[in-house]
Peer 1: 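Can you read through this structure? Questions will come right after.
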Amino acid sequence: MIFLDAAATTPVRREALEAMWPYLSGEFGNPSSHHSLGETAATALAGARSAVAKVLNCRAGEVTFTSGGTEADNLAVKGIALARQSADPSLNRVVISAVEHPAVEESARYLERVHGFAVDVVAVDGDGLVSVDALREVLRPETALVSIMYANNEIGTVQPIAELSAAAHELGVPFHTDAVQAAGWLPVDVKVLGVDALSLSGHKIGAPKGSGVLFCKGRLSLEPLVHGGGQERGKRSGTENVAGAVALSTALAISHSEQPVQSARVAELRESFIARVLGAVPDAMLTGHRSQRLPSVASFCFPGTSGESVLLELERLGVLCSSGSACAAGSDAPSPVLVALGIEPETAQTAVRFSFASSITAAELEEAAAAVETAVGRVRNLASPQAG
Ligand code: PLP
């Protein structure tokens, strides 16, 4: 099998597994316990926090461990907006882009439904990019928070986060970015990006599912969403997933150190894969920005097919990929991300996303491109048998 669905999830890296193992077995303490076993766990958690902070170039106290990217996004969007609104009730709007992951979009909708916020959605262009001008148009004095993702999970388009966050800051509005797909492929220095909050997910970078991080700048208050024993400095109660945090910090540090080399290598492979696919299926349409895209994502629409059918054919041919985001897969609705790019719903139904792990090889992508040609041909023949 050739696994081209790394944007959905990745296997746990051996180093992460080895680093977490002690905290699942012998050193199983609760970090809140006042005995040696508990202290060992607390020390491990503090070490994981410092390691994450080092990669993000922030203070350890600004790192909150969560149960994943979804929770980190929820905590950022709801937590920052609600805390700001309770300090200043006139702050009752949030800005998101039209291509956010549901974890951000649904958090904003929750604020609208339950807390009376208005949600301003910044449009994207045909490549999925948010422009600074488009953002400026929707910013208001009442905007409590802007949340725009770093890199899109379906089309791989990378947003100009530093410029967008600077535009929000001109009006004193804090800026959150969902960096779940960017981590491991793009620099995640929060000072260079100029962001006030940033979400990460462990399972996209070689740590287990159910581990995540929210960076939130020290001076920003955060209304907690999970109440209880006050762990994570009161920002996220619940006994910490020590092993998950250790694994995430290990995987993040390794992927960060390998990032420049891996990104360059995989971007080159992605380019030849795109060229092969466009050569083999001339009417295929690459979705997302041509160059401002993740090294690891190549996404297409194959007119005259259905994305789900191409996916099934590809699996028969030994290639695992996705018809969009893992969350939307299996749903009949066209991807809101593709529709936001201006793609017709019928064409959006023909989308297939190929996303690569850092271990991907040229040979695997050669084989996958040939499989794409076969799969699309088979699906088209089934759709119109008289055509051949
Ligand atoms: N944000 C983006 C951009 C994602 O791609 C994902 C997962 O697909 C998430 C958030 C959610 O992360 P998790 O699966 O850790 O909850």
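Whatever order the structure lists them in is the order used to number ligands and atoms, beginning at 1.
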Peer 1: Show me which atoms of ligand 1 lie under 4.0 Å from any heavy atom of D73.
Peer 2: 1 (N), 10 (C)
Peer 1: Checking contacts here: is it the side chain or the backbone of E71 that comes within 4.0 Å of ligand 1, counting heavy atoms only? Could be both or neither.
Peer 2: neither
Peer 1: Classify the ring geometry of H115 against F117: parallel below 30°, tilted from 30° to 60°, perpendicular beyond 60°.
Peer 2: perpendicular
Peer 1: Which of these passes side-chain contact (heavy atoms from CB on, under 4.5 Å) with F65: N241, V242, V52, L214?
Peer 2: V52
Peer 1: Strictly by modelled atom types, are S90 and D88 linked by a side-chain donor-acceptor pair under 3.5 Å?
Peer 2: yes
Peer 1: What part of T70, side chain, backbone, both or neither, has a heavy atom within less than 4.0 angstrom of ligand 1?
Peer 2: both
Peer 1: Between H203 and T9, is any side-chain donor less than 3.5 angstrom from a side-chain acceptor?
Peer 2: yes
Peer 1: Does K209 come within less than 4.0 Å of ligand 1, judged by its heavy atoms?
Peer 2: no
Peer 1: May I ask you to list the atoms of ligand 1 that are less than 4.0 angstrom from any heavy atom of Q181?
Peer 2: 3 (C), 4 (C), 5 (O)
Peer 1: Can you name the atoms of ligand 1, numbered from 1 with element, that are less than 4.0 Å from a heavy atom of H203?
Peer 2: 13 (P), 14 (O), 15 (O)
Peer 1: Identify, by atom number and element, the atoms of ligand 1 in contact range of M149, meaning under 4.0 Å from any of its heavy atoms.
Peer 2: 3 (C)
Peer 1: Could you list the atoms of ligand 1 found under 4.0 angstrom from a heavy atom of N153?
Peer 2: 3 (C), 5 (O)
Peer 1: Within the 4.0 Å heavy-atom shell around G68, which atoms of ligand 1 are there?
Peer 2: 15 (O)
Peer 1: Can a side-chain donor-acceptor contact be found between E344 and T347 if the only test is distance below 3.5 angstrom?
Peer 2: no
Peer 1: Is there at least one pair of N or O atoms, one from G69 and one from ligand 1, spaced under 3.5 Å apart?
Peer 2: yes
Peer 1: Looking only at side-chain N and O atoms, does S296 offer a donor or acceptor that is under 3.5 Å from a partner on S355?
Peer 2: no
Peer 1: Between atom CZ of R380 and atom CZ of R378, what is the distance when rounded to the nearest 0.5 Å?
Peer 2: 15.0 Å
